[in-house]
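Input: a single structure, listed below in structure tokens.
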Amino acid sequence: QVQLVESGGGLVQAGGSLRLSCVASGRAFAGYFMGWFRQAPGKEREFVAAIRGDIGEGYYADSAKGRLTISRDIAKNTVYLQLNSLKPEDTAVYYCAARFGYNNKYYYPPIYGYWGQGTQVTVSS
């Protein structure tokens, strides 16, 4: 059983930064392919970024490039999402997700078998 524990959400002002964390347990981190998604009220869950746990290769939504960065720490079995230059439209619940092995449709929520509880990010204007 894979368990994902998220933290790091909160309230920040526009232009500020925030780092989200997700700790994966139940299996060696190198075996995971991890993703970050977000969902705003009234909208569908959208892809933000994904990363291979073994080599750290990242994949991004076009809207995330330049402001959001995904990374991982193998020793801590943790994946991070660094949010910079935050805007009010970034306000959403952010979820981490995991699957075993790489999939070229990493932007597609159903390929992920495990999800975290979500953490709220609120950006004030």
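None of the values given here were measured: they were computed from a predicted structure. Scope of the values below: all heavy atoms of this structure, side chains included, with no hydrogens, waters or symmetry mates.
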Would you say V23 and M34 are hydrophobically clustered, going by side-chain heavy atoms of ILVMFWY under 4.5 Å?
-> no
Report the C-alpha distance between T91 and Q120 in whole Å, list the side-chain angles of each, state the deciding distance to 0.1 Å, and finish with yes or no for side chain to side chain contact (heavy atoms under 4.5 Å, CB included).
-> CA-CA 8 Å; T91 296; Q120 177 71 48; 4.0 Å; yes
Single-linkage hydrophobic cluster L11~V123, side-chain heavy atoms < 4.5 angstrom | no
CA sep, side-chain torsions, deciding dist, call: V2, F100, side chain to side chain contact (heavy atoms under 4.5 Å, CB included) = CA-CA 10 Å; V2 176; F100 299 135; 3.3 Å; yes
Is a side-chain N or O of Q117 found less than 3.5 angstrom from the main chain of E6, in a donor-acceptor match?
-> yes
Output for pair (I70 CD1, I51 CD1), nearest 0.5 Å, gives 5.0 Å
Quick one: sort the F33 and Y102 rings into parallel, tilted or perpendicular, breaks at 30° and 60°.
-> perpendicular
Mind checking whether L83 and L81 have side chains closer than 4.5 Å, heavy atoms only?
-> yes
Heavy-atom distance under 4.5 Å between the side chains of W36 and Y95, does that happen here?
-> no
Which atoms form the tightest heavy-atom contact between L4 and A98, and what is the distance?
-> CD1-N, 3.9 Å
By side-chain contact (heavy atoms from CB on, under 4.5 Å), which residues pair with Q82, not counting sequence neighbours?
-> S17, R19, T69, N84
Can you tell me how far the OG atom of S125 sits from the CD atom of Q13, to the nearest 0.5 Å?
-> 9.5 Å
Transitively linked via ILVMFWY side-chain contacts under 4.5 Å: Y59 with Y80?
-> no
So, the side chain of Q39 versus the backbone of V93: is there a donor-acceptor pair under 3.5 Å, distance only?
-> no
Look at the side chain of Y32 and the backbone N and O of S25, then say whether any donor-acceptor pair between them is shorter than 3.5 Å.
-> yes
Any side-chain heavy atom of D90 sitting closer than 4.5 Å to one from R67?
-> yes
Give a yes or no on this: more than 12 heavy atoms of other residues, nucleotides or ligands lie within 6.0 Å of atom CD of E89.
-> yes
Would you indicate whether the side-chain heavy atoms of R99 and Y106 approach each other to under 4.5 Å?
-> no
Heavy-atom distance under 4.5 Å between the side chains of Y112 and F37, does that happen here?
-> yes
